[in-house]
Amino acid sequence: MPKIIIDGNEIEFKQGQTIIEAAKDHGIEIPHFCWHPKLSVSGNCRMCLVEVEKMPKLVIACATVASEGMVVHTQSPKTIAARNAVMEFLLINHPLDCPICDEAGECKLQDYAYQHSIGESRFVEEKVHKDKRVKIGPRVMFDAERCISCSRCIRFCDEIAKDSELTFTRRGDRVTITTFPGEELDNPYSMNVVDICPVGALTNADFRFKARVWDMSHTNSICIGCSRGCNIEIWVRNNEILRLTPRHNEDVNSYWMCDHGRLNTFKFVNSETRVNSPHIRKEGQLIRVSWDEAFAEAASRLRTFGKDQIAVIGSAYATCEDNYLVSKFAKNILGTGNLDFIRHIDYSFADDILRKEDLTPNSLGAELMGVKPLKNGLNVEEIIKSIKEGKIKALYLIEDDILTADPEIETYLAKLELLIVHAANFNQSTNFADIVFPAATYAEKNGTFINFQGRLQRIRPAVATIEVDRALEGMALSRLDKFGTKFDRWAQGKHFDARATWKILTSLSNAFGSRWKYKMAEDVFDEMVSSIPELKGLNYDIIGDLGVQLKLEKVNVV
Amino acid sequence: MAQTSDSLKKRKKDLTFWQKIYIPEIAKGLALTFKNMIRPKFTMEYPEEKFIPPPSYRGRPVLVLEETGEERCVACGLCSRVCPALAIEVQAAETEREKERYPQKFEINMLRCIFCGLCEEVCPEEAIVMSKDYELAFTNREDAIYGKDKLLTPVSQLKDRIEFLRKYK
Ligand code: SF4
Ligand code: SF4
Ligand code: SF4
Ligand code: SF4
Ligand code: FES
């Protein structure tokens with residue numbers, strides 16, 4: 001492999017790589033604004049200037065292809081002076097906005113001003129004023145004064161979202177970003193520009209001003225919006241999710257996620273409609289009861305039905321651990337083969353960027369865990385048909401709404417003798433339920449999902465529940481979480497009385513007299529590993545933050 | 001220690017006759033007592049009489065209310081971040097005003113506050129300053145959390161401190 005020398009270190013590079021890429025691969029960061037690993041090179045910010053021996057002038061590291069024997073200096077007096085000059089230039093018209101800017105704390109310009117600027121400006125004239133608070137699209141706000149004209153947002157729309165909506169207009173210090181006439185920044189991936197904008201020029205209209213970045217904890221997780229399973233971070237303050245951001249995983253979602261996933265997959269966690277503690281229907285009303293009462297009631301009523309009168313519906317929204325125990329519970333405890341889960345397919349959602357037609361995160365997982373009809377057992381359509389015919393008298397429904405599979409079933413649900421539902425939020429099915437168990441959401445539990453590629457990925461709890469303590473469980477802690485007491489209003493965020501489905505089923509099975517010993521999701525996973533050949537040799541540490549690719553025979557449930 | 005006992009020994013040995021008979025020393029002491037009895041009083045009869053501290057005094061932190069009736073604070077959260085006692089909670093929100101951000105909620109927990117003045121020092125807007133108010137007594141924890149209603153103080157009442165800050169900060 002050819003080699004270049006950066007700051008005295010000899011490093012190998014791949015033919016065709018630029019200096020900045022070669023440096024990045026070896027953990028050397030060359031300051032940059034406009035360069036992004038997944039976008040074309042535009043070379044307009046000049047922040048990445050470096051000195052290359054035998055070249056007459058400084059060169060930009062993002063656009064200069066590395067060649068054998070090149071000697072690069074990123075810390076020489078000349079480069080440092082150049083960087084400082086670029087910073088001073090960029091800051092000439094940049095407003096002193098940090099106190100009111102949402103980017104503060106995660107702003108490249110702010111960071112570089114500390115690292116690479118001497119902090120003095122010789123500019124005494126009036127700064128150029130431009131439009132602030134422009135609604136450049138339905139989900140993104142634009143502040144023209146803060147823009148440093150790096151063109152990352154333009155290139156993102158052109159190259160990644162494949163929907164050219166943005167462009168530069170005017171020149172010199174008047175240059176600004178605008179949408180093409182009659183257009184809005186409204187492509188399904190528009191909010192990624194908020195992440196890649198190195199300054200606070202483009203902000204998330206939904207999250208704006210909700211919290212300072214340094215007040216939130218962030219937890220690695222997976223988006224549940226579709227079977228792509230984009231890697232994300234969940235940002236939480238005071239036990240409330242405030243935003244989701246994409247997390248880099250080259251095998252799944254690169255640096256991106258879609259706006260639907262970013263906006264529509266977390267608000268239910270802290271919503272008013274959450275089921276808080278178990279409920280039993282008494283005299284037509286769902287009444288809050290204790291866990292023990294709910295388990296005893298569920299066990300005693302389930303016992304009164306014959307195997308063929310019961311059906312169990314698992315969930316592609318639930319984790320593999322949950323579904324593994326759903327399957328075990330149906331087969332071993334209830335002894336029924338009427339077992340399946342509901343598919344949520346919408347071809348209009350899919351595109352050839354990230355979005356997939358399967359709107360659940362874990363269809364492959366549910367299937368691999370054995371949530372499918374046994375021999376002579378009924379599948380979902382047949383279960384629904386049998387409910388209508390009155391053959392199925394008891395339904396155990398996990399984390400889903402059966403009315404989405406067949407709206408006509410509404411009238412028949414009331415006729416069921418027993419409907420038990422695990423639900424995070426009250427929905428149309430819980431309206432008819434006799435017993436409702438409050439299910440922990442994906443943001444409140446450990447577990448794994450298998451995405452459409454057959455990639456096994458982990459989710460982790462970001463929001464604490466009554467029984468899952470943030471500190472004891474080793475969850476991410478913000479500064480406020482660490483030092484808050486029960487007397488601090490900013491530490492009294494809502495905690496729901498909800499449990500993961502695998503945990504509910506463990507207690508319920510034990511109410512049937514079995515001896516399930518799962519204490520953690522990991523215990524369930526370890527058992528899965530020993531009984532499912534596809535998972536052989538895996539554990540939570542191996543899956544890690546980026547997941548592992550499984551070798552599945554069939555890689556499409558649809 | 002050794003030094004003290006040495007000097008004591010030395011003094012005992014060095015006492016003069018008049019000192020040894022003691023009476024003139026008593027007279028001297030009493031003279032001092034009488035002198036102080038007739039001197040003007042120093043004690044302040046608080047709370048009938050109030051102590052008005054100098055501008056350098058750090059009483060409870062308050063928010064500056066402009067003459068227009070708007071707070072200066074832009075809810076940047078820096079005071080909350082710097083506060084070593086985690087006394088300050090700020091919730092920002094959007095406004096139509098020129099500075100697009102304002103504190104929807106601003107609370108200082110006076111049981112946490114240690115009157116260090118760091119919030120005042122860090123504030124980019126000169127929006128939180130240390131007042132002269134030192135009268136803080138609560139009968140329960142909830143009362144000790146001061147919201148915007150108690151914190152907002154007209155700028156006219158804070159002139160002293162603001163001038164002091166501009167001169168010395
Ligand atoms: S809005 Fe942000 S990303 Fe777009 S050109 Fe300006 S600084 Fe760059
Ligand atoms: S593509 Fe799918 S997984 Fe990715 S962010 Fe969108 S909804 Fe979520
Ligand atoms: S530092 Fe000043 S402007 Fe910022 S939140 Fe505190 S009082 Fe408001
Ligand atoms: S004076 Fe000190 S302790 Fe009190 S609120 Fe300000 S920073 Fe916190
Ligand atoms: S990063 Fe190279 S010119 Fe902007």
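A note on names: the letters A, B, ... follow the listed sequences, proteins ahead of strands, and every chain is numbered from 1.
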So for A/Asp97, is it side chain, backbone, both, or neither that comes closer than 4.5 Å to the heavy atoms of chain B? neither
Would you say B/Met37 has more than 12 foreign heavy atoms packed within less than 6.0 Å of its CE? no
Does a side-chain heavy-atom distance below 4.5 Å link A/Arg489 with B/Asn109? no
Would you say that B/Leu86 contacts A/Leu480 through its side chain, given a criterion of any heavy-atom pair below 4.5 Å between the two side chains? yes
Enclosure of B/Tyr46 OH (heavy-atom neighbours >12, cutoff 6.0 Å): yes
Just wondering, more than 12 heavy atoms not from A/Phe89 lying within 6.0 Å of its CZ? no
Part of A/Trp490 within contact of chain B (heavy atom distance under 4.5 Å): both
If one checks every heavy atom of B/Glu142 against chain A at 4.5 Å, the contacting part turns out to be both
Heavy-atom pair of closest approach, residues A/Ile100 and B/Arg101: CA-CD, 3.5 Å
Below 4.5 Å from any heavy atom of chain A, which atoms of B/Arg81 appear? Answer side chain, backbone, both or neither. both
Quick one: do A/Arg212 and B/Leu78 satisfy side-chain contact (heavy atoms from CB on, under 4.5 Å)? Show the steps, please. CA-CA 9 Å; A/Arg212 282 308 196 185; B/Leu78 292 187; over 6 Å; no
More than 12 heavy atoms of other residues, nucleotides or ligands under 6.0 Å from CD1 of B/Ile52: is that the case? no
Answer with side chain, backbone, both or neither: which region of A/Asp143 has an atom nearer than 4.5 Å to a non-hydrogen atom of chain B? side chain
Grab the two heavy atoms, one from B/Cys76 and one from A/Pro99, that are nearest each other, plus how far apart they are. CB-O, 3.0 Å
Inspect the surroundings of CD in B/Glu96 and state if more than 12 heavy atoms from other residues, nucleotides or ligands are less than 6.0 Å away. no
More than 12 heavy atoms from other groups under 6.0 Å of CD1 on B/Ile21: yes
Do other residues, nucleotides or ligands put more than 12 heavy atoms under 6.0 Å from B/Lys28 NZ? no
Just do the side-chain contact (heavy atoms from CB on, under 4.5 Å) check on B/Gln91 and A/Asn238 with the steps written out, would you? CA-CA 12 Å; B/Gln91 178 59 57; A/Asn238 201 8; over 6 Å; no
Looking only at heavy atoms, the pair that brings B/Glu100 and A/Phe209 closest together is O-CE1, 3.6 Å
So, are B/Glu94 and A/Arg208 salt-bridged, with charged N and O less than 4.0 Å apart? yes
Just wondering, are more than 12 heavy atoms of other shown residues or ligands nearer than 6.0 Å to CZ in B/Phe51? yes
